[in-house]
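First up is the structure itself, then whatever we jot down about it.
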Amino acid sequence: MDITELSVDGYEKVVRCRDKDSGLHALIAVHDTTLGPALGGMRMLPYASEDEALIDVLRLSRGMTYKSAVADTGLGGGKSVIIGDPAIKPEALFLAMGRFVDSLGGSYITAEDMNIRIADLEVVQQETRWVTGLAREAGSSGNPSPYTAYGCLVGIEATLQEAFGSPDCKGRTVLIQGIGAVGGRLAEYLSKRGAEVIICDINEERVNTMIQEHGFRSVHDEGHEAVPCDVYAPCARGATLNDVTIPKLACKVVAGCANNQLAEARHGQMLKDRGILYAPDYVINAGGIINVAVEMLPGGYDESTAMERIESIRHNLAQVFEIARTEDVPTHDAADLLAERRLEVGRAAKA
Ligand code: NAD
């Protein structure tokens, strides 16, 4: 196994692994461990080149540092990518990946991400203990989606508080794009709290099931962003807040779980200019990472501790909104400022 360190400014450690026997070609980026070991998922994609994979792993690992800093998980940010076709997954590849992760001695802790399943991580775990998010039966934190959904609910309440002066969901209309693992559970939570839920998904079967089970109103995906509502919750995919959709939005608040909702950073300013309050995606969708981080506590994973800690999303968003108000910046910039301030405090404490 050939492990080479790449020098990248602003990153603590970036390493490449090439392993002839298993065919593994992978990168791990440890962006920052000021606040704790660098936790971040492992993804597998048929990147066109190593450079493309490097850009991805650098961007994602930095994002994890910010996400964990705001979520106050006591973790830093890292990520790993396997360059390869996810349709071909020999066990030897994941055993080699396990040895690669292990070579960092715990400064990087891995988890599930795109095209990686729990079964793959169970193979990785044969070679390293630095794996999180395995099955609950194995003493791990299990599927993060319900926790992300609960965090999103808490985040919607915090955003309503800022926009309307009350966190109460009762009587509020919430439009959810994407009623999958997270969005579906969020719809149920909101409905129980008295919100009027409107759903939208390209999966018709799923929509019909949710209508039958809960009586939700549904709208077609095309043009859904123009449907009048108090809260628009993007819970499907990224880049849905863009030049085309933002002018059409008929909501007061955008607060959903999808990653990378802003097509470009300038779209955060566009939302601000339209008087729409945006709950930054990486702050409101941190329920999953907060849940996983509980595995790292001395007593190990405990669900009630996780649920208590997820409540902190309320406080974290309130802080983001306060920074945005007092410094007159878009909320996504305010979130980055909050992360940087927490990192500065961490660095000062270590110095
Ligand atoms: P999922 O695949 O279970 O659900 C996504 C849903 O969106 C599906 O029902 C799909 O049919 C629908 N969809 C896809 N494209 C659509 C479109 N154009 N219009 C309407 N609906 C569409 O995924 P998930 O786990 O619920 O995650 C949803 C989002 O939240 C993703 O962006 C994910 O990265 C992000 N996220 C998830 C977690 C988690 O814990 N699962 C954590 C953080 C962020």
Side-chain angles (χ1 to χ4, degrees), residues 39-43 45 56 59-60 63-64 66-68 70-71 73 77 79 111-118 121 132-134 136 140-156 174-190 197-211 213 216 218-227 232-242 244-245 248 254-263 279-295 306-307 310 313 316 335:
L39 189 136
M42 173 189 297
R43 60 171 55 179
L45 282 173
D56 212 24
R59 176 181 67 86
L60 293 165
M64 288 308 297
Y66 279 63
K67 182 169 186 164
S68 267
V70 174
T73 56
K79 205 85 185 180
E112 238 182 295
D113 199 77
M114 204 180 284
N115 295 326
I116 298 294
R117 299 282 157 257
I118 286 196
L121 288 183
T132 55
L134 293 168
R136 183 66 63 77
S140 199
S141 60
N143 175 10
S145 305
Y147 304 95
T148 305
Y150 182 66
C152 202
L153 171 74
V154 167
I156 287 176
V174 185
L175 167 64
I176 305 180
Q177 184 202 30
I179 44 160
V182 182
R185 182 67 73 103
L186 175 65
E188 290 171 17
Y189 279 140
L190 285 164
V197 177
I198 307 173
I199 56 171
C200 144
D201 198 296
I202 49 171
N203 181 337
E204 274 182 38
E205 204 184 318
R206 176 92 178 127
V207 170
N208 289 335
T209 307
M210 293 293 275
I211 291 174
E213 285 179 3
F216 296 143
S218 76
V219 291
H220 202 272
D221 186 49
E222 204 181 314
H224 74 279
E225 60 276 352
V227 172
Y232 172 43
C235 296
R237 58 203 174 94
T240 50
L241 302 171
N242 54 49
V244 175
T245 57
K248 294 186 197 161
V254 175
C257 71
N259 278 316
N260 307 315
Q261 292 171 32
L262 301 173
D281 46 17
Y282 75 79
V283 185
I284 191 169
N285 74 13
I289 185 108
I290 295 173
N291 185 55
V292 154
V294 172
E295 286 185 37
M307 293 302 273
I310 291 169
I313 291 178
N316 294 332

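Read the numbers this way: they start at 1 and go in the same order the structure lists the ligands and their atoms. The first residue in the sequence is number 1, and the count goes up from there. Note that the structure is a prediction, hence the values are computed from the model and not measured.
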Output all residues satisfying salt bridge (charged side-chain N to carboxylate O under 4.0 Å, His left out) with Arg43, sequence neighbours left out; order by chain, then residue number.
Asp56, Asp113

Give yes if a backbone or side-chain nitrogen or oxygen of [X] is under 3.5 Å from a nitrogen or oxygen of ligand 1, and no if not.
| X | result |
| --- | --- |
| Gln177 | yes |
| Val182 | yes |
| Ala181 | yes |

Taking all non-hydrogen atoms of both residues into account, name the closest pair between [X] and [Y] and its distance.
| X | Y | value |
| --- | --- | --- |
| Ala181 | Ser145 | CB-OG, 3.5 Å |
| Cys257 | Val182 | SG-CG1, 3.4 Å |
| Leu134 | Ser140 | N-OG, 2.8 Å |
| Phe216 | Met210 | CE1-CE, 3.8 Å |

Suppose I only count heavy atoms of [X] and a 4.0 Å limit; which atoms of ligand 1 are within that range?
| X | result |
| --- | --- |
| Asn203 | 11 (O) |
| Gly180 | 3 (O), 4 (O), 6 (C), 9 (O), 26 (O) |
| Pro144 | 40 (O) |
| Ala258 | 29 (C), 30 (O), 32 (O), 35 (C) |

May I ask you to identify the nearest protein heavy atom to atom 35 (C) of ligand 1, giving residue, atom name and distance to one decimal place in Å?
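The closest one turns out to be Cys257 O, 3.5 Å.
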
Please list the nearest protein heavy atom to atom 28 (C) of ligand 1 with its residue and the distance rounded to 0.1 Å.
Cys235 O, 3.3 Å

Quick one: does any side-chain atom of [X] pair with a main-chain N or O of [Y] as donor and acceptor, under 3.5 Å?
| X | Y | result |
| --- | --- | --- |
| Asp201 | Ile179 | yes |
| Ser68 | Gly77 | no |
| Asp281 | Gln261 | yes |

Considering [options], which one's heavy-atom position lies nearest to [atom]?
| atom | options | answer |
| --- | --- | --- |
| atom 31 (C) of ligand 1 | Gly287, Ala236, Ser145, Ala286 | Ala236 |
| atom 19 (N) of ligand 1 | Asp281, Asp221, Ile289, Asn260 | Asp221 |
| atom 14 (C) of ligand 1 | Asn291, Asn259, Val292, Ile202 | Ile202 |
| atom 10 (C) of ligand 1 | Ile199, Asp201, Ile176 | Asp201 |

What do we get for Thr148 next to ligand 1 when only non-hydrogen atoms under 4.0 Å count, side chain, backbone, both or neither?
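Within the 4.0 Å criterion, Thr148 contacts ligand 1 through side-chain atoms alone.
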
Output all residues satisfying side-chain hydrogen bond (donor to acceptor under 3.5 Å, both in side chains) with Thr148, sequence neighbours left out; order by chain, then residue number.
none

Geometric class of the His224/Tyr232 ring pair [parallel <30°, tilted 30-60°, perpendicular >60°]:
tilted

If we count only N and O atoms by modelled type, under 3.5 Å, do the side chains of Asp221 and Gln177 hold a donor and an acceptor together?
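On atom types as modelled, these side chains qualify, holding a pair under 3.5 Å.
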
Does some non-hydrogen atom of Arg237 fall short of 4.0 Å from ligand 1?
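Yes, that is the case, since the closest heavy atom of the residue is under 4.0 Å from the ligand.
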
Looking at atom 2 (O) of ligand 1, would you say a protein heavy atom lies below 4.0 Å from it?
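Answer no: nothing from the protein, no heavy atom, is under 4.0 Å.
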
Is atom 23 (O) of ligand 1 touching the protein, meaning some protein heavy atom lies under 4.0 Å away?
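Looking at atom 23 (O) of ligand 1, one finds that no protein heavy atom lies closer than 4.0 Å.
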
